[in-house]
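Everything on this sheet refers to the single structure shown next.
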Amino acid sequence: MVHEFAGRAAIVTGAASGIGLATASLLMERGMAVALFDRDKDALEERLAAFLQAGNTAIAVSGDAADPDDVRNLVRRTTGAFGRLDVAIANAGIDTVGLVHELSDEDWARGLAVNVTGVFLLAKHGIPRMIEAGGGSFIAVASAAGLKALAGNAAYAAAKHAVVGLVKTMAVDYAAYGLRSNAVCPGFVETEMVQRYLASAPRGERERRLSKIAAGRFARPDEVAAAIAHLASREASYVNGAALMVDGGAYAGYLPPAYRASP
Ligand code: NAI
């Protein structure tokens with residue numbers, strides 16, 4: 001058992017499912033005390049019970065990542081329980097599918113509120129506590145759609161581009177405090193979000209997406225969690241302002257199999 005995070009404390013938003021759940025689990029496995037945050041109170045309580053039963057140090061706080069009071073409460077509860085905050089992972093996010101002219105004003109606003117303001121709020125309330133703890137690591141789960149277009153997902157791509165810009169600027173602003181800020185940019189990951197998306201997409205969408213991925217498959221949540229844990233670790237002490245692709249080579253520019261070189 002590796003205890004590289006012993007004595008340190010983290011917040012993971014969107015921790016009841018998918019990438020957030022895998023990340024919280026991996027950090028705890030490595031000795032971190034973790035505050036799990038999610039709007040899905042029932043799922044959150046179920047996760048907490050399982051983590052505590054396995055001997056981990058954790059608390060659960062339910063709320064909306066886009067609500068300033070809920071996020072303030074999250075940070076207060078975390079430092080109250082663990083006495084410090086070293087790592088903040090802004091992972092909670094929603095997909096907002098639709099061409100610009102089809103999007104309702106409400107969907108546009110909600111997409112930006114959760115995906116961008118949610119990251120801002122965790123940074124705003126978490127960073128002073130992280131600086132008190134001597135610095136630390138802020139990580140936002142952006143997306144490959146934070147660096148390039150995602151057809152049919154304008155609000156989502158706009159929000160994720162904003163997240164990358166926010167994190168890069170925080171990297172510059174807080175470096176002198178020993179606080180690193182990075183973004184992780186996954187491609188398609190096998191989570192409930194992607195299952196929902198594929199269920200509503202035209203037939204053949206899964207195959208169409210897979211044909212663009214050099215790895216030939218979507219990511220598992222634990223593969224994204226491993227990248228996040230690296231950025232949270234002291235081994236990443238010189239990684240600041242990065243937008244780390246975790247996409248199986250999709251963004252590198254994959255050619256269809258007809259052009260594949262013989263091994
Ligand atoms: P998921 O839908 O499996 O899990 C998201 C979790 O966040 C859920 O437990 C949900 O209840 C919670 N959540 C959503 N909105 C919230 C809010 N306003 N306040 C508090 N909790 C909230 O999704 P997944 O795939 O694990 O996504 C996590 C992050 O990764 C998101 O930011 C997403 O945009 C990003 N991402 C996901 C990719 C994928 O292919 N699954 C690809 C690239 C980025």
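Whatever order the structure lists them in is the order used to number ligands and atoms, beginning at 1.
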Is it the case that ligand 1 has an N or O less than 3.5 angstrom from some N or O of Pro186?
no
For ligand 1 and Ala144, I'd like to know whether there is a polar contact (N/O to N/O, distance under 3.5 Å).
no
So which bit of Ile94 gets within less than 4.0 Å of ligand 1, heavy atoms only: side chain, backbone, both or neither?
side chain
Ligand 1 versus Tyr156, non-hydrogen atoms closer than 4.0 Å: side chain, backbone, both, neither?
side chain
OH of Tyr174: more than 12 outside heavy atoms within 6.0 angstrom?
no
Near Phe188, which atoms of ligand 1 are under 4.0 Å from a heavy atom of that residue?
40 (O)
protein heavy-atom neighbour closest to atom 24 (P) of ligand 1 works out as Thr191 OG1, 3.6 Å
With nothing but distance in play, are any N or O atoms of Val189 less than 3.5 Å from an N or O of ligand 1?
yes
For ligand 1, does Arg110 get within less than 4.0 Å through its side chain, its backbone, both, or neither, judged by non-hydrogen atoms?
side chain
Atoms of ligand 1, numbered as shown, that sit under 4.0 Å from any heavy atom of Asp64:
17 (C), 18 (N), 19 (N)
Closer than 4.0 Å to some heavy atom of Gly63 - which atoms of ligand 1 meet that?
19 (N), 20 (C)
Atom indices of ligand 1 within 4.0 angstrom of Val194 heavy atoms, with elements
39 (C), 40 (O), 41 (N)
min-distance protein heavy atom vs atom 21 (N) of ligand 1 -> Arg39 N, 3.2 Å
Distance-only, no hydrogens or angles: does the Asn182 side chain make a donor-acceptor pair with backbone N or O of Gly241 under 3.5 Å?
yes
Ile19 heavy atoms, cut-off 4.0 Å: which ligand 1 atoms fall inside?
26 (O), 30 (O), 37 (C)
Location of contacts on Arg196 toward ligand 1, heavy atoms closer than 4.0 Å
side chain
With a 4.0 Å cut-off, would you call Asp69 and Arg72 a salt bridge?
yes
